[in-house]
Amino acid sequence: MEQTNLDTWKTTLTGEALLFGLLGKVLYQDLDKAWLEMLIHEDVFAEVPFGAEQTEVSRGLELLSRWSDENRKGISEDEFKAIKQDHLHLFIGIDKVLAPVWESVYFSEKRLVFQEQTMQVREWFSRFGLQAEKINKEPDDHIGLEILFIAHLVSLTLQAIENDDQISLNEILQAQREFLSDHLLRWGPAWAKLVKQHAATDFYRGIAHLVHGSLQAIAETLQIEMPKEVRL
């Protein structure tokens, strides 16, 4: 591969790792007001390092930039309460979970967790030396963990390039394609659509658009045909 093309690819991969790492952290870690304010202060949502050409990404940035501008002087208690309420209604549920964060739910007629998909995702994590933080206490197939796993695989891709390890590079790229095709691309867009439909805040609407667009972008980058989308 020519140096120019290699540098371009490395830039793309670095952008993928950064964006997926951010989105996974937003969706998996506990809500933290100080961290959200740091994202605003550092203008994290002014642009993205990957997938900027995607319409979904552009819409996500528009919403998140507006949210950032409205909270530039600090997130008020009322705004933080609204985000926490949105999180509760969307992902935990009052009467009904509006946008379940567990893959198994999307493939279970009874909307159950800890199903076949959970164990498959656990095996994928283990294959690359990873383990869910709350293993056996909550399902491994959380949308945030799956996105963070992609960020990890992308980082390993970069490492293989730096080491000029073609065998590892091919194996890791194939692993990305398989995991995306068998898991995240099958249900991630459906999850994002539910969040866009039900979210009450620009913050979560924007994140959902970013997730949707980033999945479309990585599918294009790795030349993966988008699988038939599951419906919940």
- prompt: Within the distance-only criterion (no hydrogens, no angle test), does the side chain of Arg186 pair as donor or acceptor with the backbone N or O of Ser181 below 3.5 angstrom?
  reply: no
- request: Compare all side-chain heavy atoms of Leu23 with those of Ile207 and state whether any distance is below 4.5 angstrom.
  value: yes
Any donor-acceptor N or O pair under 3.5 Å, side chains Gln216, Glu220: no
Test item: Ile161 and Trp9 side chains (from C-beta on) under 4.5 Å apart, heavy atoms: yes
- request: Check Thr14, Leu169, Asn163 against Leu158 for a side-chain contact (heavy atoms from CB on, under 4.5 Å) and give me the one that passes.
  value: Thr14
- request: Using side-chain contact (heavy atoms from CB on, under 4.5 Å) as the criterion, point out the one residue from Leu148, Val154, Ile218, Leu153 that pairs with Phe20.
  value: Ile218
field: Side-chain donor-acceptor pair present, Ser104, Asp141, cut-off under 3.5 Å
entry: yes
message: Whether Lys25 and Asp32 form a salt bridge (side-chain N of Lys/Arg under 4.0 Å from carboxylate O of Asp/Glu) is what I want to check.
response: no
- line: All heavy atoms of Ala217 vs all of Gly51, minimum pair found to be CB-CA, 3.8 Å
- prompt: Considering all heavy atoms of both residues, which atom of Gln176 and which atom of Thr157 are nearest to each other, and what is their separation?
  reply: NE2-OG1, 2.8 Å
query: Quick one: do Leu31 and Val97 end up in the same hydrophobic cluster if we chain Ile, Leu, Val, Met, Phe, Trp and Tyr together by side-chain heavy atoms under 4.5 Å apart?
result: no
query: Does any non-hydrogen side-chain atom of Val26 lie less than 4.5 Å from one of Leu36?
result: no
- prompt: Taking the side chain as C-beta and beyond, is there a heavy-atom pair between Leu22 and Leu39 under 4.5 Å?
  reply: yes
task: Using only heavy-atom distances, determine whether the side chains of Gln115 and Glu103 contain a donor-acceptor pair under 3.5 Å.
output: no
task: On the 0 to 90° scale, with breaks at 30° and 60°, tag the Phe149-Phe128 ring pair as parallel, tilted or perpendicular.
output: perpendicular
query: With distance as the sole test, does Asp43 use its side chain to make a donor-acceptor pair with the main-chain N or O of Ala46 at under 3.5 Å?
result: no
task: For the pair Gln54 (side chain) and Ser214 (backbone), establish whether a donor and an acceptor sit closer than 3.5 Å, ignoring hydrogens and angles.
output: no
message: Is it the case that over 12 heavy atoms from other parts of the model lie below 6.0 angstrom from the CD1 atom of Ile167?
response: no
- prompt: Do the side chain of Ser68 and the main chain of Ile40 share a donor and acceptor less than 3.5 angstrom apart?
  reply: no
message: Looking at every non-hydrogen atom in both residues, tell me the closest pair between Ala132 and Asp140 and how far apart they are.
response: CB-OD2, 3.7 Å
message: Taking the side chain as everything from C-beta on, heavy atoms only, tell me whether Leu215 gets closer than 4.5 Å to Leu184.
response: yes
message: Please tell me whether Phe80 and Trp35 are part of a single hydrophobic cluster in this structure, the criterion being side-chain heavy atoms less than 4.5 Å apart.
response: yes
- prompt: Just checking, any donor-acceptor pair under 3.5 angstrom between side chains of Asn170 and Gln166?
  reply: yes
task: Determine, for Asp202 against Arg205, whether the closest basic-nitrogen to carboxylate-oxygen distance falls under 4.0 angstrom.
output: yes
message: Between Glu178 and Gln174, is there a side-chain heavy-atom distance shorter than 4.5 Å?
response: yes
message: As a quick check of understanding, evaluate side-chain hydrogen bond (donor to acceptor under 3.5 Å, both in side chains) for Asp86 and Thr201, giving each step before the final call.
response: CA-CA 7 Å; Asp86 212 12; Thr201 61; 2.6 Å; yes
- request: Take Arg66 and Asp69, measure what salt bridge (Lys or Arg N to Asp or Glu O under 4.0 Å) needs, and give me the verdict at the end.
  value: CA-CA 5 Å; Arg66 182 171 70 191; Asp69 289 341; over 6 Å; no
- prompt: Angle class for the His87/Tyr204 ring planes (parallel below 30°, perpendicular above 60°, tilted otherwise)?
  reply: tilted
Trp102 side chain near Phe114 side chain, heavy-atom distance below 4.5 Å: no
field: Nearest heavy atoms of Pro139 and Val113, plus distance in Å
entry: CG-CB, 3.7 Å
Donor-acceptor pair between Asn136 and Arg122 side chains, under 3.5 angstrom: yes
- prompt: Do Glu146 and Trp187 have side-chain N/O donor and acceptor atoms under 3.5 Å apart?
  reply: yes
message: Can you give me the closest heavy-atom contact between Ala219 and Leu185, atom names plus distance?
response: CB-CD1, 4.0 Å
task: For the pair Phe125 and Phe179, name the ring-plane relationship: parallel under 30°, tilted 30 to 60°, perpendicular over 60°.
output: tilted
- request: Indicate, with yes or no, if Leu180 and Leu210 share a hydrophobic cluster defined by side-chain heavy-atom contacts under 4.5 Å among Ile, Leu, Val, Met, Phe, Trp and Tyr.
  value: yes
query: What residue among Lys196, Lys193, Arg59 forms side chain to side chain donor-acceptor pair (under 3.5 Å) with His212?
result: Lys196
query: Do His198 and Leu90 come close enough that some side-chain heavy atom pair is under 4.5 Å?
result: yes
